[in-house]
Number of protein chains: 2
Amino acid sequence: MVVLGIDPGITNLGLGVVEQVGKQARMLHAEVVKTTHGEPAPARVGQLYRAVYKAATTFRPQAIAVEEQFFYRQNELAYKVGWAMGAVFLVADQLAIPVYGYGPPKVKQALVGHGQADKHQVAYMVRAILGLKTLPKPTHLADALAIALTHCFYHPLRSNKPLS
Amino acid sequence: MVVLGIDPGITNLGLGVVEQVGKQARMLHAEVVKTTHGEPAPARVGQLYRAVYKAATTFRPQAIAVEEQFFYRQNELAYKVGWAMGAVFLVADQLAIPVYGYGPPKVKQALVGHGQADKHQVAYMVRAILGLKTLPKPTHLADALAIALTHCFYHPLRSNKPLS
Ligand SMILES: [Mg+2]
């Protein structure tokens, strides 16, 4: 199974592609797509769309997994993360890829074993599971890989549901 | 000038197209695009994208104007309005149409003359300005036409800025 993990954001969008075969998982690709604050919003969303589309057509994931966080510090932040998600959903629609969402406690539970783990423990486990030489960086890239691995963990349990 | 006004939402997205020639404005088109609660999010966002794309290629607006509201009752609502905006921005990017945002007080100021007007007064003025036989309905359709007219009002003043 190939999974495209996404840490959504309008200024920084983390993309991580993971392939799982049996109990083995490896990283196929990871990047952070950056858009410029102050650029027109259509250009920023268009840039995210093209980056996600390219990753999805290159690696042909069976699923897209996104970090879902409803309790943003501000309304405006939630709104702008939504812009990025619009681009992700359009790629998913056009390529017929289901999209799953996981909140931070689900990620921590899957990778570290309890929902109260800190960011560093998650990055450490991402490194260990994927056999990376160093800790994944920056944070948005590590988060995207963690989300992809989270989907690999929950999917066989069938306890997840596509976003609606 | 042709303006596509949008009242964004994931379940109900209002679309209103207005043409202004000199001091005269007329309605070219208005509809509410509805998506089904519980359908997969990619299908819903894809449906909105196609509807906005169709309106934009049919009527060739010089600008898209959207209702902007940062103070949603809930974070989750702001997030999901953002999904719809992602679809709108992608159409705008692909067809190179600038997008402008106006908050409710700006709409009321433009159409009624003061920022505290109520919804009914706005709908009444939309009807009067566009010479409609009846009050525009439903609300999201009236809102979309109001936003398009708001852009017609502010644009010559050059007091607006594309969304970023
Ligand atoms: Mg409305």
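All chains are named by letter (A, B, ...) in the order of the sequence lines, taking the proteins before the strands, and each is independently numbered beginning at 1.
Per-residue counts of heavy-atom pairs under 4.5 Å with chain B were compared for Leu163(A), Leu90(A), Ile97(A), Val99(A); the largest is that of Leu90(A). Of the listed residues (Ala96(A), Pro98(A), Ser164(A)), the one with the most heavy-atom contacts under 4.5 Å to chain B is Ser164(A).
Scanning all heavy atoms of the two residues, the minimum distance from Ala43(A) to Asp93(B) falls at CA-OD1, 3.7 Å.
Here the OH atom belonging to Tyr79(A) is positioned 4.5 Å from the CD atom belonging to Glu68(B), to the nearest 0.5 angstrom.
Connection of Met85(A) to Phe89(B) is established within a shared hydrophobic cluster, with ILVMFWY side chains joined at heavy-atom distances below 4.5 Å, either directly or through further cluster members. Residues Val2(A) and Leu145(A) fall into different hydrophobic clusters, defined by Ile, Leu, Val, Met, Phe, Trp and Tyr side chains chained together at heavy-atom separations under 4.5 Å. Note on Leu4(A) and Val18(A): separate hydrophobic clusters, where clusters join Ile, Leu, Val, Met, Phe, Trp and Tyr whose side-chain heavy atoms are under 4.5 Å apart, directly or indirectly. In the hydrophobic clustering of ILVMFWY residues, with side-chain heavy atoms under 4.5 Å counting as a link, Leu95(B) and Met1(B) come out apart. A single hydrophobic cluster is not seen to contain both Phe59(A) and Leu141(A); linkage of ILVMFWY side chains at heavy-atom distances under 4.5 Å, directly or through other members, places them apart.
Contact residues of residues 48-55 of chain A toward chain B are Tyr49(A), Arg50(A) (heavy-atom distance under 4.5 Å). For residues 27-41 of chain B, heavy-atom neighbours of chain A at less than 4.5 Å comprise Gly38(B), Glu39(B), Pro40(B), Ala41(B), sorted by residue number.
Residue Tyr124(A) places its OH atom among 12 or fewer non-hydrogen atoms of other residues, nucleotides or ligands, all under 6.0 Å distant.
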